[in-house]
Amino acid sequence: MNPSWELLTQAVESLRLLESVDSTNTWAHENLLPAWGVVLTLNQSNGRGRWGREWELEPGRGVALSIGVPLRGEGSDNGLQHTWLPLVAGASLVRAIKLIGVAEVALKWPNDVLVGSRKLAGILTEIDQRGQAIVGVGINVRPWDSELSRARISLDELVEVTSTTLDGILSSVILELRDAILLTPRETKTFVSSHLMTIGRGVEVLNQSGESWTGTAIGLDDFGSLLVRNDEGVVIPQRATEIHHLVQ
Ligand code: BTN
């Protein structure tokens with residue numbers, strides 16, 4: 001991979017390319033990544049995922065980046081609820097990937113980017129010490145050997161990856177995200193819902209203490225929580241939980 005970053009450079013306020021780094025999100029925290037600044041690497045050694053998991057990346061086989069996203073306060077004129085940001089970031093990434101011709105890509109609540117049941121990209125959203133959001137994005141670009149490879153899919157298996165493919169996706173995701181955080185609450189819900197494959201599906205809900213139950217995902221509430229109807233017909237909003245799609 002010898003990508004060019006011409007469009008991305010134009011879309012952001014600053015672009016820091018790192019030969020290697022432990023985690024771009026950690027780097028963004030430590031170096032106070034500016035609003036709409038991006039730090040990016042093809043060689044991330046200790047990527048962090050949601051729920052304390054590791055985000056695995058074989059050198060050169062994927063891209064890892066973090067984006068500084070201003071929320072309320074300095075440099076920001078939007079009113080986006082913090083709870084919506086992971087979903088809005090996921091929907092923006094889905095749109096950007098669709099633009100390069102991957103029609104089947106969709107969002108699994110809250111922000112896994114899947115093709116079918118296989119994961120193409122993951123997002124980890126954090127808030128730094130100034131209250132600015134860091135949106136960390138990892139995209140699988142080339143397949144690599146691992147026990148995870150059945151659960152994972154890479155861009156290379158979906159489109160021809162050239163030196164400008166990543167530049168196209170990443171510049172689009174920044175532009176999408178810049179627009180999306182300015183949407184009204186109603187527009188935000190419509191935008192996210194239109195890319196979400198989870199609504200209408202049978203799901204298994206897993207909470208932090210390891211308990212699980214099954215139900216049907218029926219929609220989103222005003223905070224972006226997933227509304228799941230259990231077998232007794234009770235609708236329970238899910239916020240800090242993990243869900244699995246049930247095979248249908
Ligand atoms: C997940 O699916 O659990 C989220 C994975 C997020 C990985 C990205 S790679 C760039 C950024 N830096 C990190 O350490 N993590 C995120």
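Worth saying up front: this structure is predicted, and the values here are computed from it rather than measured. Worth knowing before you read on, the calculation uses all heavy atoms, side chains too, and leaves out hydrogens, waters and symmetry mates.
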For the pair I174 and L177, evaluate side-chain contact (heavy atoms from CB on, under 4.5 Å) and give the outcome as yes or no after the intermediate values. CA-CA 5 Å; I174 302 286; L177 199 48; 5.8 Å; no

Knowing that exactly one of L99, L93, V94 qualifies, which makes a side chain to side chain contact (heavy atoms under 4.5 Å, CB included) with I97?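 Looking at L99, L93, V94, the match for I97 under the side chain to side chain contact (heavy atoms under 4.5 Å, CB included) is L93.
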
Between D221, V228, L220, which is the residue that forms a side chain to side chain contact (heavy atoms under 4.5 Å, CB included) with P237?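 For P237, the side chain to side chain contact (heavy atoms under 4.5 Å, CB included) test succeeds with only one of D221, V228, L220, which is D221.
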
NZ/NE/NH1/NH2 to OD/OE distance under 4.0 Å, E104 and K98: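 Answer for the salt bridge query: no.
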
Could you tell me whether E157 and R118 make a salt bridge, using a distance below 4.0 angstrom between a side-chain N and a carboxylate O?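 Result for this pair is yes, salt bridge flagged.
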
Taking all non-hydrogen atoms of both residues, which atom of [X] and which atom of [Y] are closest, and how far apart?
{"X": "W55", "Y": "A121", "result": "CH2-C, 4.0 Å"}
{"X": "E160", "Y": "T165", "result": "O-OG1, 3.6 Å"}
{"X": "S212", "Y": "L206", "result": "CB-CD2, 4.0 Å"}
{"X": "E13", "Y": "A35", "result": "CG-O, 3.4 Å"}
{"X": "A91", "Y": "V192", "result": "CB-CA, 4.2 Å"}
{"X": "V135", "Y": "A89", "result": "CG1-CB, 3.8 Å"}

For the residue pair [X] and [Y], confirm or rule out a side-chain donor-acceptor distance under 3.5 Å.
{"X": "E204", "Y": "T214", "value": "no"}
{"X": "T198", "Y": "H245", "value": "yes"}
{"X": "R229", "Y": "T216", "value": "no"}
{"X": "N25", "Y": "S66", "value": "yes"}
{"X": "S193", "Y": "T190", "value": "no"}

Would you say [X]'s side chain and [Y]'s backbone share a donor-acceptor pair under 3.5 angstrom?
{"X": "D112", "Y": "K108", "answer": "no"}
{"X": "N140", "Y": "I153", "answer": "yes"}
{"X": "T241", "Y": "Q238", "answer": "no"}
{"X": "N31", "Y": "L33", "answer": "no"}
{"X": "T83", "Y": "F223", "answer": "yes"}
{"X": "T41", "Y": "L18", "answer": "yes"}
{"X": "E187", "Y": "T184", "answer": "yes"}
{"X": "W109", "Y": "G224", "answer": "yes"}

Group every Ile, Leu, Val, Met, Phe, Trp and Tyr by side-chain heavy-atom contacts under 4.5 Å, then state whether M197 and V205 land in the same group. no

same_hphob_cluster(L107, L124) at 4.5 Å side-chain heavy-atom cutoff: no

When R48 is tested against each of E54, E56, E126 for salt bridge (Lys or Arg N to Asp or Glu O under 4.0 Å), which residue passes?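 When E54, E56, E126 are each tested with R48, the salt bridge (Lys or Arg N to Asp or Glu O under 4.0 Å) holds only for E126.
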
Check: [Y] and [X] side chains under 4.5 Å, non-hydrogen atoms:
{"X": "N207", "Y": "W213", "answer": "no"}
{"X": "V63", "Y": "V137", "answer": "no"}
{"X": "V141", "Y": "V161", "answer": "yes"}

With rounding to the nearest 0.5 Å, note down the distance linking [atom1] in [X] to [atom2] in [Y].
{"X": "N46", "Y": "S23", "atom1": "CG", "atom2": "OG", "value": "7.5 Å"}
{"X": "R16", "Y": "L40", "atom1": "CZ", "atom2": "CG", "value": "12.0 Å"}
{"X": "L85", "Y": "T125", "atom1": "CG", "atom2": "OG1", "value": "5.0 Å"}
{"X": "N43", "Y": "L57", "atom1": "CG", "atom2": "CG", "value": "7.0 Å"}
{"X": "D167", "Y": "I100", "atom1": "CG", "atom2": "CD1", "value": "12.0 Å"}
{"X": "Q44", "Y": "W27", "atom1": "CD", "atom2": "CH2", "value": "13.0 Å"}

Heavy-atom neighbours of E6 CD exceed 12 at 6.0 Å: no

Does D222 have more than 12 heavy atoms from other residues, nucleotides or ligands lying within 6.0 Å of its CG? no

If you apply the rule side chain to side chain donor-acceptor pair (under 3.5 Å), what do you find for S154 with R142, and how did you get there? CA-CA 5 Å; S154 58; R142 310 247 187 241; over 6 Å; no

Answer yes or no for R152 and W144: cation-pi contact, defined as NZ/CZ to six-membered ring centre under 6.0 Å and angle to ring axis within 45°. yes

What verdict does the side-chain contact (heavy atoms from CB on, under 4.5 Å) test give for Q132 and L71, after you've listed the backbone C-alpha separation in whole Å, the side-chain angles of each residue and the deciding distance to 0.1 Å? CA-CA 6 Å; Q132 179 179 278; L71 295 174; over 6 Å; no

From CA spacing to verdict: side-chain contact (heavy atoms from CB on, under 4.5 Å), I199, L226: CA-CA 8 Å; I199 310 290; L226 185 69; 4.2 Å; yes

List the steps, then state whether side-chain contact (heavy atoms from CB on, under 4.5 Å) holds for V39 with L65. CA-CA 5 Å; V39 54; L65 67 145; over 6 Å; no

